[in-house]
Amino acid sequence: PTLFRSGERALEVFERRGNVWWACRTLWVLSIAALDRGDWARALDYCQRALGHGQAVDDLRLKIVSWSRLGSTHIHRGNYLEGLRCLDEARALSPIDFDAAMIKTARGHALIKSGNAAAAIAEMAEAVEWFERSHLRYGRAMGALRLAEGYLRTGDRSRARRLLDDVLAVSRELGYRYYQGRAELLLAECLLADDPSAATAHPAGCNAPVNVN
């Protein structure tokens, strides 16, 4: 895909010039793109390379974010135990508030994967509140999506639907196609118990390819 070709050309320039900060930022963007496509091997490679750069220059934030993104990638591919280990590495480095909220969201995802949705809700609710106070709509949408899944897994479909309706509105407005697709699928799951005919309309409402993890 064009995104990977363009990103890797930029990465080659930054690495050749020894610009570790921009090399890591490029690797993080590439890792998200690979993650959303379900390309686990490529996503892990990008995260590990970013972590290697951060460790080489002993930059605290580069290490925190790279550990966090590496953990999130492991969680998406189903290895939540390794994901939690990576997130613990990030937390041990005393992240700033933004990174701490991102880590809480990722930890919540891992706890849902492990079957402990109740514990996940507590972590993710704090992250969503922080993103909302900070007026960071992308982070809030990401956290709300995971929080809605937590509510859904505990049987609280009403709270899940309120969050998902909000995520859908923001995603349509700002073009967050991946979040829109995930929200459509979870909303269909919410509706399935009460109105199966309405549920079938939601995945069809988003034609973006969606990684179901």
Side-chain angles (χ1 to χ4, degrees), residues 7 11 14-15 19-134 136-147 149-150 176 178-179 182 211 213:
L11 176 62
F14 294 136
E15 288 183 329
N19 191 327
V20 173
W21 175 252
W22 279 104
C24 284
R25 289 185 67 84
T26 305
L27 284 162
W28 296 340
V29 172
L30 287 168
S31 73
I32 293 172
L35 195 65
D36 288 353
R37 291 175 61 86
D39 190 342
W40 313 131
R42 177 175 270 175
L44 286 171
D45 178 65
Y46 289 142
C47 292
Q48 288 162 345
R49 287 172 65 183
L51 179 59
H53 284 314
Q55 290 173 329
V57 297
D58 197 24
D59 183 287
L60 190 61
R61 184 146 197 270
L62 295 183
K63 290 188 290 185
I64 288 170
V65 177
S66 296
W67 273 121
S68 177
R69 290 179 184 266
L70 182 59
S72 184
T73 301
H74 281 298
I75 294 162
H76 273 80
R77 65 192 290 265
N79 190 349
Y80 64 85
L81 290 176
E82 180 62 15
L84 286 170
R85 186 192 71 78
C86 293
L87 295 175
D88 285 344
E89 293 279 359
R91 288 203 303 180
L93 297 172
S94 301
I96 60 174
D97 289 345
F98 174 82
D99 294 331
M102 295 290 284
I103 291 168
K104 286 178 181 177
T105 301
R107 279 183 55 81
H109 186 197
L111 291 170
I112 290 172
K113 290 273 193 180
S114 73
N116 194 356
I121 287 171
E123 292 227 26
M124 292 187 294
E126 291 180 2
V128 170
E129 288 172 7
W130 187 87
F131 284 125
E132 191 159 8
R133 289 196 308 271
S134 303
L136 296 173
R137 300 177 77 187
Y138 180 87
R140 200 265 179 190
M142 175 181 61
L145 186 62
R146 294 300 178 193
L147 181 56
E149 186 175 0
Y176 299 158
Y178 172 73
Y179 291 163
R182 286 289 301 155
N211 164 19
N213 291 299

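This chain uses plain numbering: 1 for the first residue, then up along the sequence.
- Smallest separation of non-hydrogen atoms from P95 and A90: CD-O, 3.7 Å.
- Two residues are said to be in side-chain contact when any heavy atoms from C-beta on lie closer than 4.5 Å; C47 and L27 fail this criterion.
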Run K63 and E89 through salt bridge (charged side-chain N to carboxylate O under 4.0 Å, His left out) and show every step you take. CA-CA 9 Å; K63 290 188 290 185; E89 293 279 359; over 6 Å; no
Next on the checklist: Under the criterion side chain to side chain contact (heavy atoms under 4.5 Å, CB included), I'd like the reasoning laid out for L70 against Q48: C-alpha separation, chi angles, the key distance, then a yes or no.
Outcome noted: CA-CA 7 Å; L70 182 59; Q48 288 162 345; 3.9 Å; yes
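- In this structure, Y179 and Y138 have tilted ring planes: the angle between them lies in the 30° to 60° band.
- Rounding to the nearest 0.5 angstrom, the gap separating the CD1 atom in I96 from the CE atom in M102 is 11.0 Å.
- Taking CG of L81 as the start and SG of C86 as the end, the distance is 11.0 Å to the nearest 0.5 Å.
- Distance check, rounded to the nearest 0.5 Å: CG of D39 to OG of S31 gives 11.5 Å.
- Between N79 and I75, every side-chain heavy-atom pair lies at or beyond the 4.5 Å cut-off.
- Taking 4.5 Å as the limit, every side-chain heavy atom of Y46 sits out of range of all side-chain heavy atoms of V29.
- When the ring-ring contact (aromatic ring centres under 6.0 Å, His included) test is applied to Y80, no partner is found at least two apart in sequence or on another chain.
- Of all the heavy atoms in W28 and S66, the pair that sits closest is NE1-OG, 3.1 Å.
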Quiz item: Can R49 and E15 be said to form a salt bridge (charged side-chain N to carboxylate O under 4.0 Å, His left out), step by step?
Solution: CA-CA 11 Å; R49 287 172 65 183; E15 288 183 329; 3.2 Å; yes
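- Taking the side chain as every heavy atom from C-beta outward, R137 and E132 never approach each other to under 4.5 Å.
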Trace of the salt bridge (charged side-chain N to carboxylate O under 4.0 Å, His left out) decision for D45 with R42: CA-CA 5 Å; D45 178 65; R42 177 175 270 175; over 6 Å; no
- Query: How far apart are the C-alpha atoms of Q55 and W67, what are their side-chain angles, what is the distance that settles it, and do they pass the side chain to side chain contact (heavy atoms under 4.5 Å, CB included) test?
  - Reply: CA-CA 10 Å; Q55 290 173 329; W67 273 121; 4.0 Å; yes
| said: Applying side chain to side chain contact (heavy atoms under 4.5 Å, CB included) to T105 and F131, what does each step give before you reach the verdict? | reply: CA-CA 11 Å; T105 301; F131 284 125; 4.0 Å; yes
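- Annotation: side chain of V20 is not in contact with side chain of D59 (no heavy-atom distance under 4.5 Å).
- Interatomic distance, K113 NZ to H76 NE2, rounded to the nearest 0.5 Å: 7.5 Å.
- A donor-acceptor distance shorter than 3.5 angstrom exists from the side chain of S114 to the backbone of L111, with no hydrogens or angles considered.
- Between atom CD1 of residue I32 and atom OG1 of residue T73 there is a gap of 9.0 Å, rounded to the nearest 0.5 Å.
- Look at R182 and E149 and you find a salt bridge, because one of the NZ, NE, NH1 or NH2 atoms lies within 4.0 Å of a carboxylate O, short of that distance.
- One N or O on the side chain of S134 and one on the backbone of W130 form a donor-acceptor pair closer than 3.5 Å.
- Between A101 and A127, the shortest heavy-atom contact is O-CB, 3.4 Å.
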- Could you walk me through whether M124 and I112 pass the side chain to side chain contact (heavy atoms under 4.5 Å, CB included) test, one step at a time? CA-CA 11 Å; M124 292 187 294; I112 290 172; 3.7 Å; yes
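- Under the salt bridge (charged side-chain N to carboxylate O under 4.0 Å, His left out) criterion, the residue pairs touching residues 116-125 are R107-E123, with sequence neighbours excluded.
- For S68 (side chain) and I64 (main-chain N/O), no donor-acceptor pair under 3.5 Å exists by modelled atom type.
- The nearest pair of heavy atoms linking L35 to W40 is CD1-CZ3, 3.7 Å.
- In this structure, L44 and H74 have side chains that are in contact, with non-hydrogen atoms separated by less than 4.5 Å.
- Atom CG of L87 and atom OG of S72 lie 7.5 Å apart (nearest 0.5 Å).
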